[in-house]
Structure formats: structure tokens, C-alpha cells
Amino acid sequence: MSCTKCQIVPIIPKKGGEIIFSCDVPELCTKMSLILDQQRINYIPEDFYTLIASTECFQTFLEQICHFNTLTKVERQGIRCLFLEHSQPLTPSILREMRTLQQYKDLMGANELSLLIAKGALTTHFQPIADLRDGEIYGYESLARGVNDDGTLVYPDNLFKWAKQGDML
């Protein structure tokens with residue numbers, strides 16, 4: 001049986017296209033412009049609240065922007081993004097896909113967890129808890145780890161952080 005939550009986590013496209021940034025205040029738009037300049041990402045200012053940038057890979061772009069610690073959580077919540085594949089028209093129905101930078105940051109972790117689950121790359125171990133006086137086992141500690149493709153471990157702090165961010169607890 002598969003997890004319903006894992007199946008509904010939106011996939012972040014690995015395709016290229018245009019990103020429309022809509023900022024709550026002009027100051028956020030200015031700050032976003034500075035970040036794009038620092039990252040050498042081409043963009044066009046549409047007005048005081050809107051920027052349009054091009055990218056070859058939306059997922060990589062988000063990773064760069066979200067891991068660039070210039071924006072606070074509140075600022076990431078005040079900047080909404082809409083990704084359009086090359087030549088994709090802007091239609092009213094696509095607007096439901098607009099998310100804040102913070103939502104995308106949270107989705108990146110949820111996607112990592114979903115991929116581990118889908119690949120069967122989560123392991124659990126049960127370690128006995130024994131009474132030292134008589135050696136009697138009176139319980140078990142459950143240990144969870146993820147395993148990356150390269151064999152490195154993903155520790156529980158990341159697993160639970162990603163689960164919380166993706167509403168998958």
C-alpha cells in the first residue's frame with residue numbers, strides 16, 4: 001500500500017522555462033533582483049512588484065535561490081512564483097500552481113522524503129532495551145534512517161524535518 005500524502009506532493013519540474021516572481025512589496029522585488037544579480041541569473045523587471053527570470057532547470061534554480069540564505073522565512077512567504085515551461089501560455093488555470101518561495105522550499109524536502117519512500121530507501125531497526133539487573137528485554141527503540149543512492153545515510157533529523165515541511169508526519 002502506498003502513502004496518499006506521498007502521491008499528492010507536487011513534483012518540482014526539472015525542465016527549463018520562465019519564472020514569474022510576484023512580490024508583496026517593492027522592497028522584496030528589489031531584494032530578489034539583487035539575489036538574481038548575485039547568482040548571475042537573467043531577469044526582466046515587469047514592474048515594481050514583478051520579475052520574470054529564465055532558467056534551464058526550475059528545480060536547480062529553486063535550490064540555488066532557497067539555499068541562498070539572504071531571504072528570511074517571512075520574505076520567502078512574501079514572494080510567489082509561477083513556473084511556465086518554454087512556450088507555455090499563461091492561462092487562468094495555471095495560476096493555481098503559484099506558490100510562495102517558502103512553500104517551494106518546504107516542497108523540496110517533501111520531495112526528498114517521497115523519493116526515499118518510493119525507492120524503498122528507508123530502513124528501520126529495532127534495538128532491544130534491556131534491564132541491566134536481570135538482562136530482561138522490556139522494550140525496543142525504533143531507529144529510522146534513509147539511504148541515498150550513493151549509500152550515505154539520511155539521518156532522522158532530516159527525515160522528520162522533511163515530513164513536517166511536507167505535512168507528511
Side-chain angles (χ1 to χ4, degrees), residues 1-22 32 35-36 38-42 53-91 93-130 137-169:
M1 180 178 269
S2 61
C3 171
T4 305
K5 283 276 186 186
C6 298
Q7 293 174 8
I8 62 171
V9 172
I11 301 298
I12 298 173
K14 294 183 180 181
K15 301 174 183 174
E18 307 295 318
I19 305 164
I20 301 171
F21 292 100
S22 174
M32 191 65 195
I35 293 169
L36 294 172
Q38 289 173 347
Q39 294 290 311
R40 292 180 174 80
I41 297 169
N42 294 326
S54 294
T55 183
E56 293 302 314
C57 177
F58 185 53
Q59 184 178 27
T60 303
F61 178 87
L62 284 174
E63 288 168 358
Q64 284 178 307
I65 297 298
C66 288
H67 294 313
F68 195 64
N69 291 324
T70 304
L71 295 169
T72 66
K73 183 175 182 178
V74 171
E75 290 171 329
R76 286 190 303 266
Q77 290 170 335
I79 300 173
R80 288 172 304 288
C81 309
L82 179 63
F83 174 71
L84 298 171
E85 291 181 36
H86 293 297
S87 304
Q88 181 181 7
L90 179 60
T91 60
S93 63
I94 200 162
L95 292 176
R96 71 176 176 268
E97 294 179 23
M98 186 170 257
R99 292 183 173 78
T100 67
L101 275 180
Q102 184 62 41
Q103 287 171 316
Y104 273 117
K105 186 175 191 302
D106 292 346
L107 278 175
M108 285 188 285
N111 279 327
E112 289 293 322
L113 180 58
S114 293
L115 288 172
L116 288 174
I117 292 169
K119 291 188 285 190
L122 288 180
T123 61
T124 54
H125 302 278
F126 295 93
Q127 180 173 318
I129 301 172
I137 295 174
Y138 65 90
Y140 291 88
E141 175 185 19
S142 176
L143 306 171
R145 302 286 184 274
V147 182
N148 288 317
D149 290 339
D150 63 2
T152 58
L153 293 178
V154 179
Y155 291 98
D157 57 336
N158 282 333
L159 296 175
F160 285 102
K161 178 180 75 174
W162 295 340
K164 183 177 179 183
Q165 289 171 340
D167 192 26
M168 298 166 71
L169 285 174

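Residues forming a side chain to side chain donor-acceptor pair (under 3.5 Å) with Lys161 (at least two apart in sequence, or on another chain): none. Remark: Gln88 engages no residue in a side chain to side chain donor-acceptor pair (under 3.5 Å) (not counting sequence neighbours). The side chain to side chain donor-acceptor pair (under 3.5 Å) search around Glu18 returns Ser54, not counting sequence neighbours.
Between Lys164 atom NZ and Leu159 atom CG the span is 15.0 Å, to the nearest 0.5 Å. Distance check, rounded to the nearest 0.5 Å: OG1 of Thr55 to CD1 of Ile65 gives 9.0 Å. Between atom CZ of residue Phe83 and atom CD1 of residue Ile20 there is a gap of 11.0 Å, rounded to the nearest 0.5 Å. Ile79 contributes atom CD1, which lies 6.5 Å from atom CD1 of Ile35 (distance to the nearest 0.5 angstrom). Here the CG-NZ distance, from Leu84 to Lys15, works out to 12.5 Å after rounding to the nearest 0.5 Å. The SG atom of Cys57 sits 9.5 Å away from atom CD of Gln64, with the distance rounded to the nearest 0.5 Å.
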Expected list for residues 150-158: side-chain donor-acceptor pairs under 3.5 angstrom, two or more places apart:
{"from": "Asp150", "atom 1": "OD1", "to": "Thr152", "atom 2": "N", "distance (Å)": "3.0"}
{"from": "Asp150", "atom 1": "OD1", "to": "Thr152", "atom 2": "OG1", "distance (Å)": "2.7"}
{"from": "Thr152", "atom 1": "OG1", "to": "Asn148", "atom 2": "ND2", "distance (Å)": "3.0"}

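Residues Ala53 and Phe21 share a closest heavy-atom pair of CB-CE1, 4.0 Å. Ile137 and Pro128 make their closest contact through CD1-CB, 3.8 Å (heavy atoms, listed as atom of the first residue, atom of the second, distance). In plain terms, the two heavy atoms of Thr100 and Gln77 that are nearest each other are CG2-O, 3.3 Å. Minimum heavy-atom separation, Cys81 to Leu101: SG-CD2, 3.4 Å. When every heavy atom of Arg76 is checked against every heavy atom of Leu71, the shortest pair comes out as NH1-O, 3.0 Å. Here the shortest heavy-atom pairing between Ile12 and Met108 reads CD1-CG, 3.6 Å.
Using modelled atom types, no side-chain atom of Glu97 and backbone atom of Ile94 make a donor-acceptor pair closer than 3.5 Å.
Among pairs with a residue in residues 119-128, those fulfilling side chain to side chain donor-acceptor pair (under 3.5 Å) read Lys119-Asp149, at least two apart in sequence or across chains. Pairs passing the ring-ring contact (aromatic ring centres under 6.0 Å, His included) check and including a residue from residues 97-123, sequence neighbours excluded, read Phe58-Tyr104.
Side-chain contact check for Leu107 versus Leu62: every heavy-atom pair is 4.5 Å or farther apart. Between Ile117 and Leu122 there is a side-chain heavy-atom pair separated by less than 4.5 Å.
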Problem set entry | side-chain contact (heavy atoms from CB on, under 4.5 Å) evaluation trace for Leu90 with Leu95 | CA-CA 8 Å; Leu90 179 60; Leu95 292 176; 4.3 Å; yes
